[in-house]
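Letters A, B, ... are given to chains in the order of the sequence lines, protein chains preceding strands, and every chain is numbered from 1.
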There are 2 protein chains.
Amino acid sequence: MKIALSNFDKAFENRIRLQIMSVLVANDSYDFNSLKELLDVTDGNLASHLKALEKEEYITVNKSFLGRKPNTRYMASVKGISAFKKHLESLENLIKQQKS
Amino acid sequence: MKIALSNFDKAFENRIRLQIMSVLVANDSYDFNSLKELLDVTDGNLASHLKALEKEEYITVNKSFLGRKPNTRYMASVKGISAFKKHLESLENLIKQQKS
DNA sequence: GTAAAGTACTTTGTAATGCAAAGTAACATA
DNA sequence: TATGTTACTTTGCATTACAAAGTACTTTAC
């Protein structure tokens, strides 16, 4: 028996990044401050995790102004959604592994 | 919307510990060397992750001799199985979260 | 009987990661 | 002028992860 974890993704090993991706897959987009409130993290911490996901090209960023305030919105990319799904499948396989 | 990750368990955030628990939940017991081979990790690394799980009382250890060689077998504890299941439920909830 | 090998670690050292807090820039409002 | 807001970046420290080396005890090979 070999454990099928080939699609296990290091980018999702962290709880906050996992939550971010989950939110972005379930929602069309989410902005910085809403994410910050939802996940209850400091802005610096959130920014660094978002950047890590951006570096992997798992999310895309859209900066605009809402009224006169800057608003940064994040979206899961096609690549990100795919990687996230593979990661979840990988977890499922891990869970459903048969006895040896 | 609040994200339900109350049962997300730091002990299972690491890939190797997640694999170990998965193996021990799926199998009655597993010994050190088999785990080492299965997970393809160094013995030191494996020992430290096993110890972390033992510290949480998620696994139990049984030392004996197989023939004349020492054999250390690991089993998931009731507490460990429960925590693992809660962790998986937590992941499921995360995945199934509804749109806001 | 001495050397080599196996089991299951512990220790060591280093690199990577995670985090809060502070700092920053650009603009807005009072 | 000064205070607030957004969305960061930087800093510094603590935790974690890991390979590699070391250890103790035993067995097997020569």
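- In this structure, NZ of B:K36 is placed 16 Å from P of D:dC18, rounded to the nearest angstrom.
- Only B:T42, B:N45, B:H49, listed by number, bring a heavy atom of residues 41-54 of chain B to less than 4.0 angstrom from any atom of DNA chain D.
- Mapping A:K10 and A:K63 onto DNA chain D by nearest heavy atom places A:K63 at the nucleotide closer to the 5' end.
- Contact between the side-chain N/O atoms of B:N71 and the OP1/OP2 oxygens of C:dT7 is not found at any separation under 4.0 Å.
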Which atoms of nucleotides 1-4 of chain D (N or O only) lie under 3.5 Å from a protein N or O atom, and what are those distances?
none

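- Taking CG from A:L91 and CG from B:L18, the interatomic distance works out to 6.0 Å, rounded to the nearest 0.5 Å.
- Sorted by first and then second residue, the pairs that involve residues 69-91 of chain A and meet salt bridge (Lys or Arg N to Asp or Glu O under 4.0 Å), not counting sequence neighbours, are A:D31-A:R73, A:E57-A:K79.
- If you take CD on B:E56 and CG on B:D9, they are separated by 6.5 Å, rounding to the nearest 0.5 Å.
- With distances taken from any side-chain atom of A:I16 to the nucleotides D:dA7, C:dT17, C:dC19, the minimum falls on C:dC19.
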Exercise. Give DNA chain C the dot-bracket treatment, 5' to 3': Watson-Crick (N1-N3 with N6-O4 or O6-N4) or G-U (N1-O2, O6-N3) under 3.5 Å, [ ] crossing, | other strand.
Key: ||||||||||||||||||||||||||||||
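- The two atoms that bring A:E54 and A:V61 nearest to each other are CD-CG2, 3.5 Å, heavy atoms only.
- Judged by distance alone, the side chain of B:S29 and the main-chain N or O of B:Y74 form no donor-acceptor pair under 3.5 Å.
- C:dT17 atom C1' lies 16 Å from atom CG of A:L18, rounded to whole Å.
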Which side-chain N or O atoms in residues 45-53 of chain A pair as donor and acceptor under 3.5 Å with protein atoms at least two apart or in another chain?
| unit_1 | atom_1 | unit_2 | atom_2 | d |
| --- | --- | --- | --- | --- |
| A:N45 | OD1 | A:H49 | NE2 | 3.2 |
| A:S48 | OG | A:N45 | O | 2.8 |
| A:H49 | ND1 | A:R17 | NH1 | 3.1 |

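- At the phosphate of C:dA8, OP1 or OP2 sits under 4.0 Å from a side-chain N or O atom of B:N33.
- Contact check, B:R17 against D:dA17: a side-chain N or O comes under 4.0 Å of OP1 or OP2.
- Between A:S77 and A:G80, the closest heavy-atom pair is OG-N, 2.9 Å.
- Once rounded to the nearest 0.5 Å, the distance linking OG1 of A:T60 with CG of A:N62 reads 7.5 Å.
- Atom CZ of B:F65 is separated from atom C1' of D:dT28 by 15 Å (rounded to the nearest Å).
- Side-chain atoms of A:H87 do not come within 3.5 Å of backbone N or O of A:F8 as any donor-acceptor pair.
- Atoms CD1 (B:I20) and P (D:dC18) sit 10 Å apart, rounded to a whole Å.
- If A:K69 and A:E13 are placed on DNA chain D by their nearest nucleotide, the residue sitting closer to the 5' end is A:K69.
- Here B:Y74 does not reach the OP1 or OP2 of C:dA8: none of its side-chain N or O atoms lies under 4.0 Å away.
- Of the possible donor and acceptor atoms, one in the side chain of A:E13 sits under 3.5 Å from a partner among the backbone N and O of B:R15.
- The distance from atom CG of A:L39 to atom C1' of C:dA20 is 16 Å, rounded to the nearest whole Å.
- Contact annotation for A:R73: no contact, since no heavy-atom pair falls under 4.0 Å across all strands.
- Atom CG in B:D40 sits 12.5 Å away from atom CG in B:L35 (nearest 0.5 Å).
- Counting only residues at least two apart or on different chains, the ring pair (Phe, Tyr, Trp, His ring centres under 6.0 Å) pairs with a member in residues 54-73 of chain A are A:F12-A:Y58.
- Closest non-hydrogen pair, A:I59 versus A:M21, comes out as CG2-SD, 3.8 Å.
- Considering only the side chain of B:P70, C:dT7 comes nearest among D:dA7, D:dC18, C:dT7.
- Remark: C1' of D:dA7 and CG of A:N62 are 14 Å apart, rounded to the nearest angstrom.
- Atom P of nucleotide C:dC19 and atom CG of A:D40 are separated by 12 Å, given to the nearest angstrom.
- Look at CZ on B:F32: it is 18 Å from P on D:dT26, rounded to the nearest Å.
- Of all nucleotides listed (D:dC8, D:dA17, C:dC9), D:dA17 comes nearest to the side chain of B:N14.
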